Amino acid sequence: MERKTRMILALDVSDREEALKIAEDVSEFVDAIKVGYPLVLATGLEIIRELAEFAPIIADFKVADIPNTNRLICKQVFEAGADAVIVQGFTGRDSLDACIEVASEYRRDVFVVSEMSHPGGAEFLQPVGEAIARMASEAGAFGLVAPATRPERVKKIRKIIGDKLTIISPGVGAQGGRASDVIAAGADWVIVGRSIYKAELPKEAASEIAAEIEAELRGEG
Ligand code: O7M
């Protein structure tokens, strides 16, 4: 995945036409499109190939099962044309290894959720987030998912993993996080959903966030 705009669109709409229109509109401002259950359950897995025309696709299925089932899920995800898959880390090293094995067969990437951005993310997952980040690094994952709503946690996790893994960070806009803050804290990409796809003009909204990130990277943030 190229690090250009440093933004990933979370395309959580449930209508195929709307999804394709937004993807086309904002493609110049995003490095990837994250597709998850809302869109795939509503329109079918084929949407991954259709959207791949506009940007690399990260399949957000937060895979969280035993190694064998994880292997079967990841195979389907990559056969469907996704460039990367998002998996949960809390299921342990063997489950994660299964995903990474399949990803390397297909030459694709795995992102691991170490902790989550919503208030409940602090209840059970945050206390083990750093251990999950270390495990993901040892296992050879491509990246971590860490919360833009808590830039101080992104900073801490960046310190733990160094430059070995990338960090993608959801929680910008609708959940209260700021793109520039989390890029400054060490995230490689921010993930933005509602602030773009619910905006009256998604292209304008994406362009504004991209400009904010650019200013931060130039040191004007
Ligand atoms: O910008 P939003 O809040 O509309 O969307 C954020 C997207 O990121 C949405 O698709 C969530 O499911 C996802 N997300 C979080 O919001 N918080 C997390 O901790 C993790 C994710 C995620 O993408 O996990 C892989």
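Since the structure is predicted, the reported quantities are computational estimates derived from the model, not experimental observations. One-based numbering, in listed order, for ligands and for the atoms of each.
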Need the list: ligand 1 N/O atoms against protein N/O atoms, distance under 3.5 Å, rounded to one decimal.
{"from": "ligand 1", "atom 1": "1 (O)", "to": "Gly193", "atom 2": "N", "distance (Å)": "2.8"}
{"from": "ligand 1", "atom 1": "3 (O)", "to": "Gln175", "atom 2": "NE2", "distance (Å)": "2.8"}
{"from": "ligand 1", "atom 1": "3 (O)", "to": "Arg194", "atom 2": "NH2", "distance (Å)": "2.8"}
{"from": "ligand 1", "atom 1": "4 (O)", "to": "Arg194", "atom 2": "N", "distance (Å)": "2.7"}
{"from": "ligand 1", "atom 1": "4 (O)", "to": "Arg194", "atom 2": "NE", "distance (Å)": "2.8"}
{"from": "ligand 1", "atom 1": "10 (O)", "to": "Asp12", "atom 2": "OD2", "distance (Å)": "2.6"}
{"from": "ligand 1", "atom 1": "10 (O)", "to": "Lys34", "atom 2": "NZ", "distance (Å)": "2.7"}
{"from": "ligand 1", "atom 1": "16 (O)", "to": "Ser117", "atom 2": "OG", "distance (Å)": "3.4"}
{"from": "ligand 1", "atom 1": "16 (O)", "to": "Gln175", "atom 2": "NE2", "distance (Å)": "2.8"}
{"from": "ligand 1", "atom 1": "17 (N)", "to": "Ser117", "atom 2": "OG", "distance (Å)": "2.6"}
{"from": "ligand 1", "atom 1": "19 (O)", "to": "Ser117", "atom 2": "N", "distance (Å)": "2.7"}
{"from": "ligand 1", "atom 1": "19 (O)", "to": "Ser117", "atom 2": "OG", "distance (Å)": "3.4"}
{"from": "ligand 1", "atom 1": "23 (O)", "to": "Lys34", "atom 2": "NZ", "distance (Å)": "3.3"}
{"from": "ligand 1", "atom 1": "23 (O)", "to": "Asp60", "atom 2": "OD2", "distance (Å)": "3.3"}
{"from": "ligand 1", "atom 1": "24 (O)", "to": "Lys62", "atom 2": "NZ", "distance (Å)": "3.2"}

Quiz item: Please, which pairs that meet ring pair (Phe, Tyr, Trp, His ring centres under 6.0 Å) have at least one residue in residues 184-203, sequence neighbours excluded?
Solution: none
Exercise. Could you check if a side-chain atom of Leu217 sits within less than 4.5 angstrom of a side-chain atom of Arg6, using non-hydrogen atoms only?
Key: yes
Exercise. Give a yes or no on whether the backbone of Arg16 and the side-chain of Thr43 come within a donor-acceptor separation of less than 3.5 Å.
Key: no
Quiz item: With Val35, which of Leu45, Val40, Leu9 fulfils side chain to side chain contact (heavy atoms under 4.5 Å, CB included)?
Solution: Val40
Exercise. Kindly state each residue pair satisfying ring pair (Phe, Tyr, Trp, His ring centres under 6.0 Å) with at least one member in residues 21-44, sequence neighbours excluded.
Key: Tyr37-Phe61
Quiz: residues 117-143 side-chain donor-acceptor pairs under 3.5 angstrom, not counting sequence neighbours:
{"from": "Ser117", "atom 1": "OG", "to": "Gln175", "atom 2": "OE1", "distance (Å)": "2.6"}
{"from": "Glu130", "atom 1": "OE2", "to": "Arg153", "atom 2": "NH1", "distance (Å)": "2.9"}
{"from": "Glu130", "atom 1": "OE2", "to": "Arg153", "atom 2": "NH2", "distance (Å)": "3.2"}

